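Report on the following structure.
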Protein chains: 2
Amino acid sequence: MKLSVKSDYAARAVLWLSQHYQEGGARTVEEMASTQGIPPNYLVQILIELKSAQIVKSQRGKAGGYLLARPPAKISFGDVLRCVHGETFDSPGLSDAQCPAELRHAWRQLRDAVNTTANAVTFQQLVEAGADKAKMYDI
Amino acid sequence: MKLSVKSDYAARAVLWLSQHYQEGGARTVEEMASTQGIPPNYLVQILIELKSAQIVKSQRGKAGGYLLARPPAKISFGDVLRCVHGETFDSPGLSDAQCPAELRHAWRQLRDAVNTTANAVTFQQLVEAGADKAKMYDI
DNA sequence: TCGCTTTTAACGGAAAGTTTCACGCGCAAG
DNA sequence: CTTGCGCGTGAAACTTTCCGTTAAAAGCGA
């Protein structure tokens, strides 16, 4: 089960915004795209989806750009995945009546496993993990 | 993250072969396809992949067909998923150097969660779960 | 040899994913 | 109030994967 780059791009964007959340100002798409290695025009589309999911918000005009809609501690990995793809995990078997009941049960187990772990990871945690690692190199 | 019908078809096929494992004989593709609601010509391709992964084996000629290569207790859900798709879980971020280390860690957590739960489910368990449920209706 | 089955390769339409382009809109500073 | 900067939006072009079909080759048993 291979998922597309879109979710990776989205996660990078949210992580980067999380790392700059303290500073408060809005960040431009261009800066985000160049530092994260994402095609700028594609990133725009992703950010719009993230915005309609209330994960980020935007400011227009001069000094405009994007920033998180809420603190990184309140944004989970699952939130971002659900925004980009429909669900964190989905199989045709889950909605096909032809699929045997015992098999659907297995699919549900997988879905639940992904959901719980994805919901447990917040971007606050990721930022702290990155900061800790950076601190190690400071010694 | 939506996965294709292919894995569902493959799981149904293996489950069905598991349910007939005791009887010993080989089952034809045609029978499998019609009872499980799978396009026969597509099922052929899937079975060949399952065969090359040593999950099923085949017999040619009259009274030919497919049967499991080993007991259902030794076949996990993860085995079938890995056969059909490359891995049970894969994100571009896992292999892209551009992806921040802390993010890759999150991807790994998800991958590991899927792997462990998918490996924990055997087709023996699924068959028993189905049999138990059938027994309930016998009363 | 003949009929039954798997095996293999190739084909093609449909859908999704990825990227780029062009132009309209809103805010704020000058 | 105009102008410049950056977001907003839709659509086009392109690539890749998915899904299923077709047809011919080859093995096995009677």
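Naming convention: chains lettered A, B, ... in sequence-line order (proteins, then strands); numbering from 1 in each chain. Fair warning: this is a prediction, and the values are worked out from it, not measured in the lab.
Comparing atom distances between the B:Thr28 side chain and each of C:dT6, D:dC7, D:dT21 picks out C:dT6 as nearest. Comparing C:dT20, D:dG8, D:dC19 against the side chain of A:Pro39 picks out C:dT20 as the nearest. Of the candidate nucleotides C:dT19, D:dC19, D:dG8, D:dG8 has the atom nearest to the side chain of A:Ser58.
The six-membered or imidazole ring of A:Phe77 lies near that of B:Trp107, with a centre-to-centre distance under 6.0 Å.
Separating the NZ atom of B:Lys62 from the P atom of C:dT5 is a distance of 7 Å, rounded to the nearest angstrom. The NZ atom of A:Lys6 sits 7 Å away from the P atom of C:dG17 (whole-angstrom rounding). Protein atom CD1 of B:Ile48 is 12 Å distant from nucleotide atom C1' of C:dT5, rounded to whole Å. For the pair A:Ile38 CD1 and C:dT19 P, the computed distance is 10 Å after rounding to whole Å. Put simply, CG on B:Leu43 is 14 Å from C1' on C:dT7, counting in whole angstrom units. Nucleotide D:dC18 holds its P atom 11 Å from the NZ atom of B:Lys2, rounded to whole Å. Atom-to-atom, CD of B:Glu31 to P of C:dT5 comes out at 11 Å; the value is rounded to the nearest Å. Rounded to whole angstrom, the span from the CE atom of B:Met1 across to the P atom of C:dA16 amounts to 17 Å.
Contact annotation: A:Tyr42 reaches the phosphate of C:dT18 (side-chain N/O to OP1 or OP2, under 4.0 Å). Listed pair B:Tyr9 / D:dC19 fails the phosphate criterion, with no side-chain N or O lying under 4.0 Å from OP1 or OP2. Taking side-chain N and O atoms only, A:Lys51 has a distance below 4.0 Å to OP1 or OP2 of D:dG8.
At a threshold of 4.0 angstrom between heavy atoms, the contacts of B:Lys57 with the nucleic acid are absent.
Judged by closest nucleotide on DNA chain C, A:Gln45 is the one of A:Gly61 and A:Gln45 placed further toward the 5' end. Mapping A:Ser4 and B:Val44 onto DNA chain C via the closest heavy atom, the residue that lands nearer the 5' end is B:Val44.
With values rounded to the nearest 0.5 angstrom, B:Lys6 atom NZ is found 14.5 Å from A:Met1 atom CE. The structure places CD of B:Glu102 at 12.5 Å from CD of A:Gln125, a figure rounded to the nearest 0.5 Å.
Put simply, the residue from A:Thr88, A:Asn115, A:Asn119 that forms a side-chain contact (heavy atoms from CB on, under 4.5 Å) with A:Leu81 is A:Thr88.
A donor N or O paired with an acceptor N or O is found under 3.5 Å between the base of C:dT6 and the side-chain atoms of B:Arg60.
In this structure, A:Asp8 does not pair ionically with B:Arg104, as no charged nitrogen and carboxylate oxygen lie closer than 4.0 Å.
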